[in-house]
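First the structure, in the form of structure tokens, and then the observations on it.
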Amino acid sequence: MFLFTILSILIIALISWYKKHFRRRDYLYSKIPHPYHIPLLHHSLEFIGKTPKELFDWMEDMSNELGNVYFFSTGIFGSGFAVISDVKIVEALLSSQVQLDKTIDYNYLIDWIGTGLLISNSKKWFTRRKLLTPGFHFKILERFVEIQNNQANVFVNILQEYDGKEVDIFPLASLYALDTVCEAAMGINIHAQTKQSDYLKAVQEITRIITIKSFDTTKQIEFLYRFTEMYRREKKLIEELHAFTDKIIQSRREELLMHNEETSEQNDEIGTKKKKALLDILLSSRVEGEPLKNSDIREEVDTFMFAGHDTSKSGICFVFYCIAKYPEVQQKVYEEIIEVLGDEEEINLQKLNELHYLELVIRESLRLFPPVPYYGRQLVEELITEKYTFPKGMNVYVSPYLMGRDERIFPEPKKFDPHRFEVEMANDKINPFSYVPFSAGPRNCIGQKFAQYEMRMIAAKVLRKFKLSIASEITILSELVLRPENGVNLKIEKRK
Ligand code: HEM
């Protein structure tokens with residue numbers, strides 16, 4: 001009897017505690033469309049055993065069924081997730097003055113890239129963003145375009161070997177993206193496209209491990225994960241990657257110091273030989289009068305390596321896929337390249353800016369295949385919009401992928417029509433928050449110009465020399481980024 005009374009008191013206390021803390025949250029959740037769920041566990045069973053491909057398809061199916069805002073939850077004490085592709089709500093979220101954190105899935109990256117620009121919040125993010133923005137000043141971009149030009153030449157040389165044959169462009173695009181971002185971030189050429197290096201292997205392997213961790217729920221229980229071989233491997237790789245970046249930072253610090261002594265104050269402008277990589281900007285920066293520590297610099301350099309490599313490889317291979325799939329688009333791109341570049345082998349930033357049709361093609365490709373199909377924010381405060389109120393603590397995912405395929409935003413979404421951007425931009429019809437492959441608002445992609453030039457450069461170099469056609473159709477899924485399930489297999493033919 002005594003035990004029964006104690007138990008009843010405990011249950012009543014638990015219920016009132018739950019109601020006090022979660023009643024409003026549950027009420028707000030219930031107003032958002034959601035799939036059928038079972039009590040207590042909510043939708044958590046949906047995720048057990050699903051492959052990344054199945055999960056990706058499930059999220060799209062849910063949007064087709066429930067609309068451009070839907071909700072799921074991993075249990076009464078678990079997290080709530082909203083997936084949004086409603087332009088007004090996307091705008092409210094991305095331009096919100098309410099403080100937003102990144103969702104928990106970004107945490108899998110922290111051991112490698114620390115809390116650099118991609119993951120940091122509040123004051124740290126603001127200070128770093130201000131500090132790094134000059135790194136994408138047009139003078140610096142001119143220098144980055146030079147790097148892209150040289151690396152794209154290497155890419156074209158490699159493609160020569162496949163003349164008349166089929167090639168999976170995906171791994172080749174990955175190496176080009178790695179080479180360009182590495183040289184831009186650290187000022188060194190690792191020759192990823194032509195040589196195997198330990199650094200390259202480590203970047204590829206850590207990206208694979210992080211992907212597995214973010215999808216395999218058994219690897220997410222930290223206590224158990226620590227006993228696995230994968231955990232030991234992850235730690236070892238992170239040590240190797242950090243040692244590599246540390247070494248580059250240290251030697252560049254010493255080089256700049258020597259150079260400073262030799263040339264004193266002259267020639268300290270952005271874009272000059274002296275400040276040629278993002279690393280140099282970080283090395284010469286001061287926060288509250290103090291230079292940045294090596295560990296602070298490392299997390300930013302590693303962030304650029306991660307954020308600038310996987311995304312670009314995805315963007316590049318889908319641009320090639322779209323161009324190969326639509327021969328009339330390819331022909332127009334080719335004609336524009338010949339008209340703008342003539343016989344000129346070197347391509348600079350001004351020339352890239354003149355490739356206007358190619359720019360539209362890339363935009364259209366990113367509409368259908370945005371490299372980051374979902375990105376998340378955790379609400380530090382309630383977000384109130386016209387249709388719904390999203391409770392504090394909720395994880396909200398913006399989906400440029402679902403938006404790009406929504407006929408309410410882009411009429412005839414399946415049609416590959418680069419001109420839709422021209423017409424819509426000219427008429428000022430399009431809300432900037434309806435097309436967000438690089439996100440929008442204060443936390444948009446700092447590297448978007450770099451990425452756009454990188455894609456234009458490689459497309460221009462390749463298409464001038466080769467005709468592309470599809471060798472086999474693709475299926476897509478999302479791991480850390482959107483990717484083709486079995487590569488992008490193209491037939492390559494040298495132009496006469
Ligand atoms: C096609 C290529 C790219 C795409 C589609 C892309 C897309 C994005 C998106 C959607 C975000 C926002 C992520 C979020 O809110 O969590 C982002 C942020 C970021 N991107 Fe990119 N990105 C690309 C290339 C690059 C490149 C080449 C770099 C560096 C050279 C870069 C560096 C970053 C950084 C540092 C952030 C964090 C910015 C901040 O929070 O202040 N990205 N990118």
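Every number for a ligand or one of its atoms is a count from 1 in the order of the listing. One-based numbering along the sequence shown.
Between the choices Pro437, Ala440, Ala451, the shortest heavy-atom distance to atom 7 (C) of ligand 1 belongs to Pro437. When the options Tyr106, Phe450, Phe438 are ranked by their closest heavy atom to atom 9 (C) of ligand 1, first place goes to Phe438. In the candidate list Lys102, Arg443, Arg129, Glu454, Arg129 is nearest to atom 41 (O) of ligand 1, counting heavy atoms.
A cation-pi arrangement is absent between Arg143 and Tyr453 under the rule of less than 6.0 angstrom and at most 45 degrees off the ring axis. In this structure, Arg367 satisfies the cation-pi test against Phe410, with its NZ or CZ atom closer than 6.0 Å to the six-membered ring centre and inside 45 degrees of the ring normal. By the 6.0 Å and 45° rule, Lys213 does not stack over the aromatic ring of Tyr108.
What sits closest to atom 30 (C) of ligand 1 on the protein, heavy atoms only, is Phe304 CD2, 3.8 Å. In terms of protein heavy-atom proximity, atom 23 (C) of ligand 1 is nearest to Thr311 OG1, 3.4 Å. In this structure, atom 17 (C) of ligand 1 lies nearest to the protein heavy atom Cys445 CB, 3.5 Å. Ser439 CB, 3.8 Å is the protein heavy atom nearest to atom 12 (C) of ligand 1.
Against a heavy-atom cut-off of under 4.0 Å, Ile446 is close to the following atoms of ligand 1: 34 (C), 35 (C). Residue Met455 has at least one heavy-atom neighbour below 4.0 Å for each of these atoms of ligand 1: 1 (C). Listed by number with element, the atoms of ligand 1 under 4.0 Å from a non-hydrogen atom of Arg377 are 14 (C), 15 (O), 16 (O).
Here's the thing with Trp125: one of its N/O atoms is less than 3.5 angstrom from an N/O atom of ligand 1. Between Gly308 and ligand 1, no N or O atom pair is found at a separation short of 3.5 Å.
For Pro371, the heavy-atom gap to ligand 1 drops under 4.0 angstrom. Proximity of Arg128 to ligand 1 is not established, as no heavy-atom distance is less than 4.0 Å. Ligand 1 has at least one atom lying under 4.0 Å from a heavy atom of Asn444.
Salt bridge present: Glu473 and Lys325 bring a charged side-chain N and a carboxylate O closer than 4.0 Å. For the pair Glu255 and Arg252, the salt-bridge criterion is met [side-chain N within less than 4.0 Å of a carboxylate O].
To the nearest 0.5 angstrom, Phe144 atom CZ is 11.0 Å from Glu146 atom CD.
Across Ala440 and Phe433, no two heavy atoms sit closer than the pair CB-CE2, 3.6 Å.
Ring-centre distance between His309 and Phe304: not below the 6.0 Å cut-off. Between Tyr199 and Phe244, the distance separating the two ring centers is shorter than 6.0 angstrom. For an aromatic pair to be called close, the ring centres must be under 6.0 Å apart, and Phe466 with Tyr162 fails this.
When non-hydrogen atoms are compared, ligand 1 lies under 4.0 Å from the side chain of Val372 (C-beta onward) but not from its backbone.
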